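Throughout, numbering of the chain's residues begins at 1 and tracks the sequence. Note that the structure is predicted; figures quoted are calculated from it, not measured.
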Amino acid sequence: MARDTDGTSTTSKKSDAWRFFHDSGRKYRTDKTHHEARCLGCLKKIDSALKKYDADQVSRGLLPRTEARTSSQLRNQAVRDLDPICGKIDALKRHITKCDDAGDAAKTWCAGEKVKEVTLKLAQETAEGNEGGVSQLPGKQKKQSVFGIVQAKSFTKKEQIEYEHNVLKLTVALNAAWRGVDIPFVRWFFDKYVPSGHLPHRQQLSSHILNEEVDTITEDIKTEVHGLYGTGSVDGWSTKKDAVQTTGLNVFGKEYPLNMHVTTPERKTSANLLQHVLKDIEIMTVTWGIVLVAWACDSGGDSKGLRRLLLEIMPWIIAIPCWAHQMNLIAGDYLIKSDSRVIDVLEQCLLVINWFLGHKRAHSMLENEQDREEWARHLTFIRAGITRWTTHYLSMRRLLELKKVLRSLVLRDEDILLTAGGDKEEQVEAAQAIIDIIEDRDFWAGVARTKIYLEPLAYATNVAQGASTRLDHVLVTLATLHRTYSVESDVFDDPVASAALLKSLQKRWAALKTDQDVYLVAVFLNPYFRAFFFNDSDDAPHSLSRIGFYGLVKRVYKRVFRLEAGDDVPPELFSNYLQYYDGEGRFTKDKLGLDEFKQEYKGQDTVQFMNTVWKGLPKSNPLARLALLVLSIVANSAGIERHYSKLGHIYQDKHRSLLDPKRAHKTAMVSRSIRLQFPEKPHAKRSFIRVDHDVSAVSLDADIHIDAETDANMDADVDMDEEREDDDSDDARGAQGLLRSHRRLAADDNDGSGSDESDDDNNPPVPAVPRVTLHFGLNERIALKDIFHFDEQRRESPWGGTMWMFQVVGERTVEEELRFYDNTEANDETGAEDAPMVSVAQVRSND
């Protein structure tokens with residue numbers, strides 16, 4: 001009987017495999033034996049796409065309904081569009097195994113055929129073994145054991161997709177390289193314990209599976225943020241081979257990384273950066289449905305002119321300098337403009353810390369000395385990171401805590417300590433230099449003085465870099481810093497350092513120019529503050545008076561809601577303003593439920609908290625509309641810095657140091673999603689701080705955990721150095737390296753008011769837009785020192801607010817951060833990246 005090798009013959013039916021394939025009757029290419037085969041599942045998919053296309057054309061009126069293709073015409077077109085495969089049985093089985101559209105029936109049939117083949121092969125091998133063996137005597141034959149072959153049921157298409165995405169998440173959660181899934185043992189492990197699934201290879205995992213997961217995350221974000229107010233931001237970073245710019249979004253205190261642009265071949269100009277930002281703004285507003293109200297970026301490099309260019313195109317948004325970065329610059333001014341003693345003290349601190357941490361014997365002697373002193377727990381040094389400058393404050397504080405035990409160690413075991421670093425002459429000399437520093441009283445006095453000066457700045461930075469840092473937080477913090485360094489001269493007794501800090505603070509405030517009033521309005525719209533703490537003395541600026549301040553409110557309203565200069569604000573805005581100013585009508589403490597909301601949110605003074613308070617008023621209330629918008633603005637781009645910290649963890653693996661930046665960005669997005677879905681135990685607690693009738697009696701309403709979003713992005717101190725380089729040399733970690741870093745930042749710092757790098761023919765032009773005259777900005781400039789009353793008679797407003805909400809005498813939140821470092825084995829710059837951020841602000845410890 002003649003039979004084709006594809007399972008067909010002139011007198012018998014085709015192989016069962018052909019039930020799942022279309023046979024055109026033609027031979028496959030030049031093959032004279034096998035027919036062309038087309039998967040019915042694939043044909044059905046193409047058929048469905050063609051039918052959908054025709055229906056879309058008909059609905060748009062581009063194709064008459066009578067001319068739409070029939071089912072047979074669609075099938076014929078699908079057959080023409082789908083490339084055939086060879087009709088060999090093995091080829092058909094291979095296709096069924098790999099094809100996602102083949103269907104469960106086809107895959108079940110294919111698995112059954114495989115079981116039949118294995119069973120037949122085992123039977124043949126058994127028969128061959130019996131033929132070659134020795135026959136057993138009657139009655140002595142062993143009964144054949146009954147055995148069965150258990151074939152694991154393969155995952156369905158849906159289960160396989162879910163399995164692949166969970167393998168991706170597992171790889172990302174472990175911060176493992178993509179190549180890990182191709183390690184033979186890993187593949188054996190998954191085949192043994194998850195036989196039903198097919199483990200994807202690294203090419204699949206890092207390409208279409210990763211892209212699909214990011215698409216899913218993006219769709220979830222779109223649903224979550226649609227129609228809400230948002231603050232955009234951008235910041236730069238450098239890998240070992242690429243320069244990148246990343247845009248992000250903050251909505252109600254939740255940070256979302258958006259897009260990464262590789263800018264290696266571009267010149268670092270504001271015009272080039274603007275092109276990327278405008279494209280991403282279109283995604284935010286058009287695709288995601290965000291109402292963009294503000295944009296934050298730092299004041300260095302190509303970011304310094306971006307805010308000005310954005311305002312020319314979008315004059316209604318609020319362009320914000322990143323205040324976490326600004327606090328860094330204020331600290332830099334202190335270091336640069338103070339006398340050389342500060343740098344000498346920092347240098348000596350780092351020498352002592354690095355010497356003890358670099359010599360295990362010396363460090364062991366320090367621990368033994370703590371045991372001898374019967375300390376409750378061992379304290380270790382905190383090594384400062386060059387661009388995480390608040391760690392210099394923590395480092396000095398810890399050094400002061402170890403002062404007693406260090407001096408005791410030198411007094412008791414100086415001879416042994418001299419050789420703890422080695423017996424060579426230069427090693428003994430280095431040890432002697434460390435001992436001399438520890439015995440120097442002037443050194444410890446310098447450490448104490450520098451620590452006192454850095455402490456308010458450290459806590460101000462912890463306020464400024466939060467995910468829910470609002471404009472009112474920033475202004476109150478700036479004003480209290482100014483008061484601290486100007487009034488408390490008995491504590492801050494270095495006139496040169498104090499003058500440098502005061503000048504720097506006023507410079508940051510003055511650089512805001514026309515944007516000053518939005519900060520003032522933000523404080524006013526905080527229902528716990530209102531205008532209670534504004535300066536109302538006889539010589540106070542008119543803009544801070546009861547009627548003068550309405551001019552600020554009106555100008556901000558016109559700008560953010562895009563009213564023309566001649567347009568009037570809603571008439572009820574003025575009456576709402578007066579009632580709110582006086583705490584009357586629907587704006588009383590009880591009617592707004594201020595105490596209840598404070599208790600409900602357990603004191604978390606976040607963007608979401610303020611949004612909830614103001615949402616209780618009708619949407620038609622113009623003052624409430626303004627408050628919802630202004631108090632939604634987040635005053636930093638620290639969310640992108642936290643995103644970069646996660647990228648830094650990815651690039652730490654030497655096998656991944658040259659990873660494509662966009663792929664690393666997507667990996668970090670998946671990592672963020674995993675941390676939000678499966679949050680770890682919070683490292684720190686935040687507290688809402690209230691001052692009761694006695695200003696010295698500070699009470700904490702309740703201990704609360706940091707929310708999952710903030711906890712998922714924790715860092716001890718946001719790294720503000722745009723060019724992050726892994727330089728572990730002593731010089732880079734030294735005080736001179738810190739000073740160079742701050743000088744580089746200060747050179748770039750002009751708050752966007754200076755000239756940008758000149759453009760040439762290779763730079764894209766800035767989009768041409770009509771010149772808009774801003775009817776916005778104070779008619780008079782208000783000095784930082786003249787904004788608020790710091791009066792003992794005004795400890796607390798009638799609505800429960802206090803200027804000490806962000807500035808409190810105490811150490812509670814610092815202790816949480818210090819305990820983190822105590823639990824970090826390697827207390828180095830890498831450890832600092834994971835440290836918790838404390839939230840409340842200025843805390844001065846008692847020495």
Side-chain angles (χ1 to χ4, degrees), residues 342-386 388 391-448 450-451 454 716 726-738 817-835:
V342 174
I343 299 300
D344 291 341
V345 167
L346 286 173
E347 192 71 60
Q348 290 176 323
C349 287
L350 292 171
L351 284 173
V352 172
I353 293 169
N354 289 336
W355 189 81
F356 272 95
L357 292 179
H359 298 90
K360 294 181 179 179
R361 185 182 176 194
H363 194 265
S364 176
M365 291 175 65
L366 180 64
E367 291 182 341
N368 292 336
E369 188 65 24
Q370 292 182 61
D371 289 334
R372 192 177 289 127
E373 296 287 339
E374 297 183 352
W375 284 28
R377 60 187 177 90
H378 283 179
L379 299 180
T380 188
F381 294 104
I382 297 173
R383 177 180 287 161
I386 184 170
R388 300 178 191 92
T391 57
H392 286 271
Y393 157 70
L394 294 172
S395 177
M396 288 185 168
R397 174 169 175 174
R398 176 50 52 84
L399 196 60
L400 287 172
E401 291 174 339
L402 289 169
K403 172 184 175 181
K404 179 181 177 181
V405 71
L406 284 169
R407 292 173 68 89
S408 175
L409 176 63
V410 169
L411 185 63
R412 191 191 307 270
D413 296 318
E414 180 176 356
D415 294 339
I416 302 175
L417 199 60
L418 276 172
T419 59
D423 297 326
K424 295 181 180 179
E425 182 179 355
E426 61 271 18
Q427 293 170 330
V428 173
E429 290 177 355
Q432 184 63 58
I434 300 301
I435 292 173
D436 292 342
I437 292 174
I438 294 173
E439 292 180 330
D440 186 358
R441 293 181 177 273
D442 290 338
F443 163 71
W444 292 108
V447 172
T450 306
K451 174 248 183 187
L454 285 179
D726 297 329
D727 187 352
D728 292 331
S729 65
D730 291 337
D731 183 57
R733 282 181 172 169
Q736 295 299 329
L738 176 71
E817 192 168 356
L818 289 173
R819 276 196 288 273
F820 172 85
Y821 286 109
D822 287 338
N823 295 329
T824 302
E825 290 185 15
N827 258 329
D828 55 12
E829 296 182 37
T830 301
E833 291 182 353
D834 289 323

How far does [atom1] of [X] sit from [atom2] of [Y], to the nearest 0.5 angstrom?
| X | Y | atom1 | atom2 | result |
| --- | --- | --- | --- | --- |
| I437 | W355 | CD1 | CH2 | 11.0 Å |
| L411 | L417 | CG | CG | 12.0 Å |
| L394 | L399 | CG | CG | 12.5 Å |
| I382 | Y393 | CD1 | OH | 10.0 Å |
| H378 | L402 | NE2 | CG | 11.0 Å |
| L406 | L400 | CG | CG | 10.5 Å |

* To do: For a side-chain hydrogen bond (donor to acceptor under 3.5 Å, both in side chains) with S408, tell me which candidate from Q370, R372, E369 qualifies.
  =>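 Answer to the side-chain hydrogen bond (donor to acceptor under 3.5 Å, both in side chains) test with S408 among Q370, R372, E369: E369.
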Give a yes or no answer on whether the side chain of [X] reaches the backbone of [Y] with a donor-acceptor pair at less than 3.5 Å.
| X | Y | value |
| --- | --- | --- |
| Q432 | V428 | no |
| R407 | I438 | yes |
| T419 | I416 | yes |

* To do: Ignoring hydrogens and angles, state whether a donor on the side chain of T380 or H363 is under 3.5 Å from an acceptor on the partner side chain.
  =>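 Yes, H363 and T380 have a side-chain donor paired with an acceptor closer than 3.5 Å.
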* Determine, stepwise, if the pair V345 / M396 fulfils side chain to side chain contact (heavy atoms under 4.5 Å, CB included). => CA-CA 10 Å; V345 167; M396 288 185 168; 4.0 Å; yes
* Flag yes if more than 12 heavy atoms outside E425 fall under 6.0 Å of its CD atom; otherwise flag no. =>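 No, CD of E425 has 12 or fewer neighbouring heavy atoms, counting only those of other groups under 6.0 Å.
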